[in-house]
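Below, chain A is the first sequence line, B the second, and so on; all start at residue 1.
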Amino acid sequence: MAQDKKMVEAITPMSVDFAQWYTDICKKADLIDYSSVKGCMIIRPYGYAIWENMQHILDTKFKELGHENVYMPMFIPETLLEKEKDHVEGFAPEVAWVTMGGNEKLTERLCVRPTSETLFCEHYANIIKSYRDLPKLYNQWCSVVRWEKTTRPFLRSREFLWQEGHTMHATAEEAREETLRMLNVYAKFHEQDLAIPVIEGCKTPSDKFAGAEDTYAIEALMHDGKCLQAATSHYFGDGFAKAFDIKYTTKENTLAYPHQTSWGCTTRMIGGVIMTHGDDNGLVLPPAIAPIQVIIVPVAQHKEGVLDAAYKLRDVLLSADIRVKVDDSEQSPGWKFAEYEMKGVPVRIEIGPRDIEAGQCVVAMRYNMEKTSVSLDGIVDTIKAKLVEARDGMYKKALENRERRTYDCTTIDEINEALSKGDGFIRAMWCGEETCEDEVKAKTGAGSRCIPLVQERISDRCVCCGKPAKSLVYWGKAY
RNA sequence: CGGGGUGUGGCUCAGUUUGGUAGAGCGCUUGGUUCGGGACCAAGAGGUCGGGUGUUCGAGUCACCUCACUCCGACCA
């Protein structure tokens, strides 16, 4: 068996057409189907199970940190959306409107939420009266609508699932801490659970969220060298509080505006997982979010004892809280191998007459396609170790890809030369002027991605104008 | 929103140049043989050709309109 051979003919190879490869995986791994409305996708059970696993990990973490889940309406009256000027200007081009109720024209049109800052603010204005009411740490899981012009499954759909945290704090310091705390939650989730290395950073002023004082984000590098903003966390200061007249009485009996944050991540993360870990045989899922962590494929299952051994093995693993399944369908073993590789199941166990006789089974790892025979004694510990190994191996591979595609540059020419070898992260110094930011993008195609929290000084001069540099910036072509 | 590509059984596509009885492979159903990398044989079911309007004796095929998907740009989670 040649391990480097492409075993699934149905998927367009990455090297031939990365975009096509991506959509092939979305469809062939049964993650999504298209619906009859442009940009609105059907998330199928296998895709949704991935989302549920992501949700569960994050939701648990949010609650540990004191956040409470709520649900806000999906409609925002136009006047409410318009209360914060920058915010409405940022979102107006992509909101969907409801203008009719039944057969009657509404007196005020309703926006289908693109994000819920305004709704939270309206509510907070009603319930925050005293410093004793702070902080307010709310989160909601819902879908939002943004009328995108071009759409792609998970990466850019008109309706997408997400989580939005909205918090209110007595002081700016507290709110700033919260902003970074949640950014870190996202970063850890990506690195630990999704095995995706990320850069934590701050957006440049031109790239900030509409209405935010500071926008932070985590940026990941995909297999093709393009960047993906994987999650964001915003510090709002008291701008919205002022616009929505949210005031509380302090201990000293004075009136003050609270300071606000919001932070979110979306089903786009599934796209990030696909484009970070996937290969020409299909999806490769990190164990933490894989709906099936271990697939057991019985070989010659009609022979006596084979299925029983498979079920027994399943039960042992199940009792150790491993998400495991036996595929006892009538398909051939080869078909099953290919099928679960396409679906990215991290670990496959083959068990047939030869194994049973030897007290063994075959364990195949999805991320590197390695196959080994292991003893059935102590199988739980073996498989647990394999799942850890899968996460670590995937992370290492992704990090190597990022490092291979990260270039330090001090001039525009160097950027262009670096990018001629393939897309990736460009690290270069910046003076802080928007004109330079625009010029870099115009001349190289690489936009500013973020100002990393961990700063280094790779030169004293701006990569564009040559004036004294303020900060190191990551640049790249983005999804 | 600009530029390309594609819409024909569930899926992938041929047929469109030159208008004349709707095709293939895969999948599906049934029966049998198989089973350590997408098995094989036999029989069977399944399509108003994305939608609309027009031209024509006759349209999957020609014209116009429209919708969707997809790729490449600009904008965005």
Side-chain angles (χ1 to χ4, degrees), chain A residues 1-3 5-12 17-24 26-28 33-41 90-95 114-115 143-164 186 203 206-207 209-210 215 217-220 227-234 262-272 281-282 297-303 306-307 328-342 348-356 360-362 364 369 371 373 441-442 445 447 477-479:
Chain A
M1 181 196 63
Q3 295 202 330
K5 189 178 160 246
K6 192 171 91 57
M7 295 163 188
V8 180
E9 300 301 329
I11 297 176
T12 306
D17 184 342
F18 190 83
Q20 190 59 53
W21 166 84
Y22 176 81
T23 30
D24 278 354
C26 288
K27 291 284 311 249
K28 305 260 162 68
D33 199 3
Y34 292 110
S35 75
S36 50
V37 178
K38 177 184 167 65
C40 296
M41 61 181 176
F91 280 101
E94 51 183 8
V95 293
T115 178
S143 76
V144 289
V145 169
R146 299 182 187 178
W147 217 249
E148 301 289 349
K149 283 159 187 162
T150 56
T151 58
R152 302 188 65 189
F154 297 119
L155 299 176
R156 179 158 301 113
S157 46
R158 284 183 173 170
E159 181 186 12
F160 56 89
L161 301 181
W162 79 344
Q163 147 282 313
E164 49 179 328
Y186 292 140
K203 287 285 179 185
S206 68
D207 210 11
F209 178 83
T215 288
I218 51 174
E219 295 283 335
C227 317
L228 188 76
Q229 180 177 319
T232 53
S233 186
H234 314 288
S262 85
W263 26 275
C265 65
T266 77
T267 36
R268 171 182 272 189
M269 292 188 295
I270 298 173
N281 292 320
V297 178
V299 176
Q301 64 185 42
H302 60 289
K303 291 198 177 145
V306 171
L307 276 178
D328 53 9
S329 71
E330 291 296 321
Q331 299 288 1
S332 72
W335 187 94
K336 292 175 187 174
F337 296 166
E339 176 69 9
Y340 293 99
E341 270 157 18
M342 179 130 70
R348 178 180 76 239
I349 296 179
E350 302 168 22
I351 187 159
R354 296 208 298 262
D355 300 302
I356 294 167
Q360 295 183 336
C361 61
V362 172
M369 297 292 200
K371 253 170 128 164
S373 279
K441 178 152 193 188
K477 295 177 188 168
Y479 271 100

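When rounded to the nearest whole Å, the span between CD of E330(A) and C1' of G31(B) equals 14 Å. In this structure, W21(A) places its CH2 atom 16 Å from P of U70(B), rounding to the nearest Å. Between the P atom of C35(B) and the CH2 atom of W335(A) lies a distance of 19 Å, rounded to the nearest Å. Rounding to whole angstrom units, NZ of residue K27(A) and P of G10(B) are separated by 13 Å. With rounding to whole Å, Q163(A) atom CD is found 15 Å from A77(B) atom P. Rounded to whole angstrom, the span from the CG atom of D24(A) across to the P atom of C71(B) amounts to 10 Å. In this entry the distance linking OH of Y186(A) with C1' of A77(B) reads 11 Å, nearest Å. K303(A) has its NZ atom 15 Å from the P atom of U33(B), to the nearest Å.
Remark: the separation of the P atoms in G19(B) and C57(B) is 15 Å, to the nearest Å. Across U17(B) and G2(B), the matching C1' atoms stand 30 Å from one another, rounded to whole Å. For the P atoms, the distance from C41(B) to U48(B) is 30 Å, rounded to whole Å. Nucleotides A39(B) and G23(B) have their C1' atoms positioned 27 Å apart, rounded to a whole Å.
In this structure R348(A) satisfies the salt bridge (Lys or Arg N to Asp or Glu O under 4.0 Å) test together with E341(A), E350(A), sequence neighbours excluded.
Within the 4.0 Å cut-off from OP1 or OP2 of A39(B), at least one side-chain nitrogen or oxygen of S332(A) is found. Proximity of R152(A) to the phosphate of C69(B): no side-chain N or O atom is located under 4.0 Å from OP1 or OP2. Residue K441(A) places at least one side-chain N or O closer than 4.0 Å to OP1 or OP2 of C75(B).
Residue T115(A) is classed as having no contact, given no heavy-atom separation below 4.0 Å to the nucleic acid. Nucleic acid contact class of V144(A) (heavy atoms, under 4.0 Å, all strands): none. Residue contacts for P353(A): at a heavy-atom cut-off of 4.0 Å it reaches a base atom on one of the strands shown. Residue contacts shown for D355(A) include a base, since a base heavy atom lies under 4.0 Å away. Across all strands, F154(A) comes closer than 4.0 Å to base atoms (heavy-atom distances). As judged by a 4.0 angstrom heavy-atom cut-off over every strand, T266(A) is placed among the base-contacting residues. Using a 4.0 Å heavy-atom distance criterion, G272(A) is classed as making no nucleic acid contact.
Below the 3.5 angstrom threshold, one finds a donor paired with an acceptor across the side chain of E341(A) and the base of G37(B).
Contact detail for S157(A) and G39(A): the closest heavy-atom pair is CB-O, 3.2 Å.
Sequence order on RNA chain B of the closest nucleotides to D17(A) and S206(A) puts D17(A) first from the 5' end. Position along RNA chain B of the nearest nucleotide to F337(A) versus W162(A) favours F337(A) as the more 5'-ward residue.
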